[in-house]
Amino acid sequence: MPGPNETFTVIYDFEVTPCAFDVVHFVSMALGAFDASGIKSLRIVLVPDSKGSLTGDKKIHYSEENYRWRLRQIVLPAIQSFCPHASIHLLSRREEAKPFLSKKSNRIYPEGYRLKEPLARYSHRIFVQEPNVAIRRLYASEQAIEYVESWMHEFSGKRKVVTITLRDARYNTDRNCNTEAWLRFASNLNQEIYAPVFLRDTDRVLENDSRFDEFLTFDVACFNLELRTALYQSAHVNLMINNGPSSLSYLGNRVPYLYFKVLSNGAHAACLNQMAERSGFRPGRNWPGANDVELFIWEDDRFETIQRAFETLTRRIDRDPTLTAAQLLEKVDTAVADSDETAALDWSAIAVAFFQSNPDTWLKRIEILATCAREEEAYYQNEEALIRFDHPQSYILRIRFGISVQDVQALKRIFDRASILNLDGENLVRELIGGSQSKFTPIGRPDDETSTTDRPRTWIFGASLGGVRFLRKHREELDALGFLDNDPNKAGTLLEGLPVESTAILSKTHFDKIWIASHYAAEIYKQLIRKGIPFAMLEIAPREELIQD
């Protein structure tokens, strides 16, 4: 039981946490931990970085003054709005945090925080990797709701408000929204039923843009976090792409939303590898804890995509009994029959978003992604499916040109190797599936009576120090046939008592594996892929064994 004088002290440290909307994730988790602690007193301490600024070790997109602006307009308002009873301490130097950390009556969050070893606990990675993390939903104040509902009543009347949150920032422009698509979507809405309300990017909202003249805009919310939260909370549906303010919607009240453009592969924070590998947020997922009208659509914000997803969402909101997974999968099949790639991608993404627990929607989505040359995304979605369902063989990924991946882990090895070798995994797979696999057929295994070992029959690529070191370390684990090397002067010689051959020998002998043990592993791996060696037969020696000759 907490003591009567105990204080729950929350540390937001700019050395490791951004001066941005990420504070909303942080506050949601900090308040969840505070609620679970049973402590009555809450203190929030904002600690500058080691330079006394707000940028930490992050790449600076804005000036220091702009970060100060964000402190005043985003970070502090978020804390003040959602933690109205907390005492807030904005420090000017890191050393000023020591008294808050030394008091025995403190409970520190994040747990284990040290001033010299600050902890970052704000990322959506926490929500994904710790599914039982305590959070508090974030609601607007009654006063903010009253202001917003008064505005809605005056300008939208009885129409249903549909918010459209735009991203049009001056940095990481790959993450920006497709504004023309959103304008077209708003124009096509039934204006007698719906009132589209645009929330433009704060960077642009004071610029004159006549394209928005015919629509409602709620510009004040771009500078007032509490009113923005109240608008999201009061709307009929919220529409958005992957951007900071959207956290106020998906961590707020249970209002239907559609979240598009989850991935932006030109932007580090939203690229596929960053999301899937570091965060564990693989394609196909909805936000953790979301209900059946809070949905992530894993496609870009094209007009057709937005319209199809919105129409499907309104059917679910109205509890249309005819909306089934089978119906959406039929739309996918129709699009495939019509050679309409965009429609197939849209409907397969929608089917997964709306029917997360149906394995057929996942399988269809994986097949469509692979067919549309998005093999790496297909792989990661396949991984997510393997975690969710009990029949992994149903999710063996079939890639283009009729090439069947017999072992789903083999595809994972490609991307693992691509990472090891600093190669582009997507391009590496495309090299693999470019038809080259049909050029090579391994010779069958010898009859049992002529086989002398159950160990894998292995060639070692690299007739030099790396190959020798690898052989000496693993000789007992494999049946070494010899060495391969691209140097013609080495062909026909012996090394460690084994023959050295060119790659021409591969079509003449049975083997199970080729281990690449060379400093030139990247080039060799691509060479063997182009030659048609099945990727499941290729392995790469650990980095420490890839020594230069």
Side-chain angles (χ1 to χ4, degrees), residues 401 403 405 410-411 413-447 450-549:
F401 308 118
I403 299 170
V405 181
L411 191 57
R413 287 198 293 272
I414 282 191
F415 296 115
D416 288 345
R417 291 164 186 159
S419 177
I420 291 171
L421 301 173
N422 197 28
L423 297 174
D424 184 327
E426 187 81 13
N427 288 334
L428 192 59
V429 174
R430 291 182 186 186
E431 287 192 52
L432 167 68
I433 65 176
S436 60
Q437 293 295 289
S438 61
K439 301 174 186 176
F440 180 85
T441 303
I443 289 181
R445 177 179 288 277
D447 295 337
T450 62
S451 298
T452 59
T453 178
D454 292 330
R455 293 174 295 173
R457 293 167 59 85
T458 304
W459 288 101
I460 300 170
F461 207 119
S464 54
L465 294 178
V468 169
R469 181 181 177 186
F470 179 84
L471 175 67
R472 291 175 178 174
K473 184 173 182 179
H474 301 284
R475 187 185 291 269
E476 300 303 318
E477 305 165 18
L478 47 84
D479 181 8
L481 300 175
F483 294 90
L484 302 172
D485 205 281
N486 288 325
D487 185 348
N489 294 322
K490 294 182 180 181
T493 64
L494 293 175
L495 183 64
E496 294 287 301
L498 295 175
V500 179
E501 302 284 357
S502 71
T503 56
I505 196 68
L506 296 176
S507 61
K508 303 173 184 179
T509 58
H510 163 79
F511 63 94
D512 300 300
K513 291 287 181 185
I514 299 176
W515 273 95
I516 302 172
S518 168
H519 179 68
Y520 305 103
E523 292 79 4
I524 293 169
Y525 188 77
K526 289 193 287 186
Q527 171 193 348
L528 295 174
I529 287 293
R530 295 189 184 104
K531 188 175 181 65
I533 305 301
F535 62 83
M537 303 177 78
L538 298 177
E539 300 288 355
I540 297 172
R543 186 181 297 274
E544 61 269 18
E545 297 184 22
L546 302 183
I547 58 176
Q548 189 163 7
D549 299 349

Residues I514 and F511: closest non-hydrogen pair is CG1-CE1, 3.7 Å

Please enumerate all residues that pass side chain to side chain donor-acceptor pair (under 3.5 Å) together with E477, with sequence neighbours excluded. H474

Could you pull out the closest heavy-atom pair between F483 and A463, with the gap in Å? CB-CB, 3.9 Å

Spacing of CH2 belonging to W459 relative to CG belonging to L528, to within rounding of 0.5 Å: 12.5 Å

In Å, rounded to the nearest 0.5 Å, how long is the span from CD1 of I524 to CD1 of I540? 9.5 Å

Taken in chain and number order and not counting sequence neighbours, the residues that satisfy side chain to side chain contact (heavy atoms under 4.5 Å, CB included) with S502 are A504

Side-chain heavy-atom pair T503, Q527 within 4.5 angstrom cut-off: yes

Between atom CG of L506 and atom CD of E501, what is the distance when rounded to the nearest 0.5 Å? 9.5 Å

Can you name the nearest heavy-atom pair linking R455 to R475, along with the distance? NH1-O, 3.5 Å

Pairing residues for V468 by the side chain to side chain contact (heavy atoms under 4.5 Å, CB included) criterion, not counting sequence neighbours: R472, L495, E496

Euclidean distance, I460 CD1 relative to W515 CH2, rounded to 0.5 Å: 10.0 Å

Do L481 and I505 pass the side chain to side chain contact (heavy atoms under 4.5 Å, CB included) test, and can you show the C-alpha distance, the side-chain angles, and the key distance before you say yes or no? CA-CA 11 Å; L481 300 175; I505 196 68; over 6 Å; no

For the CG atom of D479 and the NZ atom of K513, what is their distance to the nearest 0.5 Å? 14.5 Å

Can you list the residues that meet the side chain to side chain contact (heavy atoms under 4.5 Å, CB included) rule with A480, with sequence neighbours excluded? L471, L478, L498

